[in-house]
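The structure appears below as structure tokens.
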Amino acid sequence: MDLIGTILWPLKWVVSAILVGFHAVFESLGMDPSAGITWVLSIIFLTFVVRAALIPIFVRQIKSQRRMLEVAPQLKKIQDKYKGKKDQFSREAMSRETMALYKETGTNPLASCLPLLLQMPIFFSLYSVLHEAQINKVGIGLLTNDLAKSFGNASLFGAPLHETFTNASGWEVRAIAGFMIVVMTASQFITQLQLVAKNMSPETKESPMYRQQRMMLYVLPLIFVISGLSFPLGVMFYWLASNIWTMAQQYFVIRSMPTPGSEAALAREARLAKKAQRRGTPAAVLAEAGAGAGAAEMEAVRVTTQRQQPVGKQRSKKNGKK
């Protein structure tokens with residue numbers, strides 16, 4: 001076993017165990033254990049387990065991204081300060097000031113890549129498990145040799161899960177792989193577009209970070225197109241499920257916890273103001289109180305919601321005399 005195989009072996013064991021576990025669950029529900037849909041669902045639920053385990057890391061990533069967006073204007077000032085200066089002294093000074101800013105604000109530019117980096121070993125482990133099943137190697141851990149052969153020979157709509165777009169034996173593989181590549185590319189583009197278009201403040205959009213994010217908007221989908229051609233269908237299902245999870249997760253985060261000053265933050269403030277206005281008007285109070293209440297109760301609510309006029313002392317005395 002080579003060095004990479006030795007490092008990945010524990011992960012491959014865990015990946016195989018989770019995969020076999022879900023396969024056993026679906027088999028117990030009456031699904032054909034050799035069918036491709038059974039293995040595809042096992043891969044998808046394996047993806048959900050992996051992404052759920054990474055939620056704490058994702059939360060740290062969001063906080064780190066938020067801090068990076070907040071310090072972007074200060075970072076731009078440092079870069080503008082040394083703009084056009086290419087001597088060694090200026091480059092070292094800019095580097096020192098940049099690192100000092102990161103340390104002072106507690107930011108880490110690499111933190112945003114952490115979930116992706118943590119997923120890569122799992123991704124390669126799944127790829128290795130599927131590839132070894134394809135060439136009839138002995139299974140790992142709970143993935144017995146029979147299950148490995150079943151996994152390697154499974155097909156979905158006539159398309160073997162171990163085949164790729166480039167080495168497809170039939171049009172079914174190319175059709176499914178082509179469709180998945182399009183969906184993966186679109187989901188990645190939408191995910192990045194959400195971040196660039198809605199979750200960046202005007203100050204951040206003036207910084208170099210915005211230009212980098214705009215570039216990634218088009219570079220990442222291109223990577224998915226190129227790499228998707230050479231990945232087996234089974235691995236592409238993991239990748240697609242992970243992309244859709246990321247897109248939905250980021251949509252929820254941007255909607256509920258947007259970057260201050262961004263378009264998403266203004267939209268959230270407008271939603272909250274409209275909701276508060278609906279709940280705070282007398283009509284809304286009456287509507288809530290009147291649901292199932294009697295006429296006397298509605299009248300009591302109407303009286304309590306009306307503004308009470310102040311009564312002067314003279315008027316109070318006159319009323320008392322009467």
Side-chain angles (χ1 to χ4, degrees), residues 4-64 111-134 137 139-152 154-156 161-162 176 180 183-184 187-188 190-191 224 227-228 231-253 256:
I4 296 179
T6 303
I7 295 174
L8 291 181
W9 191 89
L11 279 176
K12 289 166 64 176
W13 200 98
V14 173
V15 166
S16 301
I18 298 174
L19 188 67
V20 170
F22 280 116
H23 182 267
V25 170
F26 292 122
E27 183 180 358
S28 67
L29 295 176
M31 299 182 67
D32 183 0
S34 300
I37 185 62
T38 307
W39 285 109
V40 167
L41 288 175
S42 301
I43 292 172
I44 292 174
F45 277 85
L46 164 66
T47 309
F48 293 162
V49 170
V50 171
R51 295 309 306 269
L54 291 177
I55 285 178
I57 305 297
F58 178 78
V59 172
R60 291 184 59 186
Q61 175 195 14
I62 293 298
K63 292 180 179 179
S64 178
S112 60
C113 303
L114 191 56
L116 179 62
L117 294 176
L118 290 178
Q119 277 195 89
M120 292 310 293
I122 301 171
F123 177 81
F124 285 122
S125 298
L126 179 61
Y127 178 85
S128 177
V129 168
L130 184 58
H131 177 70
E132 290 174 0
Q134 172 191 352
K137 280 192 174 183
I140 298 173
L142 299 180
L143 186 65
T144 63
N145 196 30
D146 291 338
L147 286 174
K149 287 181 179 179
S150 174
F151 188 20
S155 60
L156 183 68
L161 296 181
H162 67 265
I176 295 177
M180 292 179 66
V183 176
M184 284 195 306
S187 61
Q188 179 62 46
I190 293 172
T191 300
F224 275 90
S227 58
F231 283 125
L233 289 182
V235 178
M236 290 177 66
F237 275 108
Y238 173 87
W239 205 343
L240 176 60
S242 182
N243 268 22
I244 294 176
W245 177 290
T246 300
M247 182 175 65
Q249 185 173 250
Q250 183 165 281
Y251 172 81
F252 172 78
V253 170
S256 58

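All values derive from a computational prediction rather than experimental measurement.
- Summarising the geometry, atom CG belonging to Asn145 is positioned 5.0 Å from atom NZ belonging to Lys149; distances are rounded to the nearest 0.5 Å.
- The structure places CG of Leu46 at 14.0 Å from CZ of Phe237, a figure rounded to the nearest 0.5 Å.
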For residues 21-36, which side-chain donor-acceptor pairs fall under 3.5 Å, sequence neighbours excluded?
unit_1: His23; atom_1: NE2; unit_2: Pro33; atom_2: O; d: 2.7
unit_1: Ser28; atom_1: OG; unit_2: Ala24; atom_2: O; d: 3.4
unit_1: Ser28; atom_1: OG; unit_2: Val25; atom_2: O; d: 2.5
unit_1: Asp32; atom_1: OD1; unit_2: Ser34; atom_2: N; d: 3.1

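- In this structure the side chain of Thr246 reaches within 4.5 angstrom of the side chain of Arg51, judged on heavy atoms.
- Between the CG atom of Leu240 and the CD1 atom of Ile43 there is a distance of 11.5 Å, given to the nearest 0.5 Å.
- How far CE of Met184 is from CZ of Phe231: 8.5 Å, rounded to the nearest 0.5 Å.
- One finds the CD1 atom of Ile18 at 10.0 Å from the CH2 atom of Trp13 (value rounded to the nearest 0.5 Å).
- At least one donor-acceptor pair closer than 3.5 Å links the side chain of Thr191 to the backbone N or O of Ser187.
- With sequence neighbours excluded, the residues that form a side-chain hydrogen bond (donor to acceptor under 3.5 Å, both in side chains) with Ser150 are Trp39.
- The two atoms that bring Ala17 and Leu142 nearest to each other are CB-CD1, 3.8 Å, heavy atoms only.
- Taking all atoms of both residues into account, the shortest heavy-atom contact from Ala53 to Pro56 is O-CD, 3.5 Å.
- Nearest approach of Leu147 to Leu143, heavy atoms of both residues: CB-CD1, 3.7 Å.
- Summarising the geometry of Thr47 relative to Ser242, their closest heavy-atom pair is CG2-N, 3.5 Å, with the distance given to 0.1 Å.
- In this structure, Ser125 and Lys12 approach most closely via the heavy-atom pair CB-CG, 3.7 Å.
- In this structure, CD1 in Ile176 is found 10.0 Å from CE in Met236, a value given to the nearest 0.5 Å.
- Across all non-hydrogen atoms, the minimal contact from Pro121 to Leu11 is CB-CD1, 3.3 Å.
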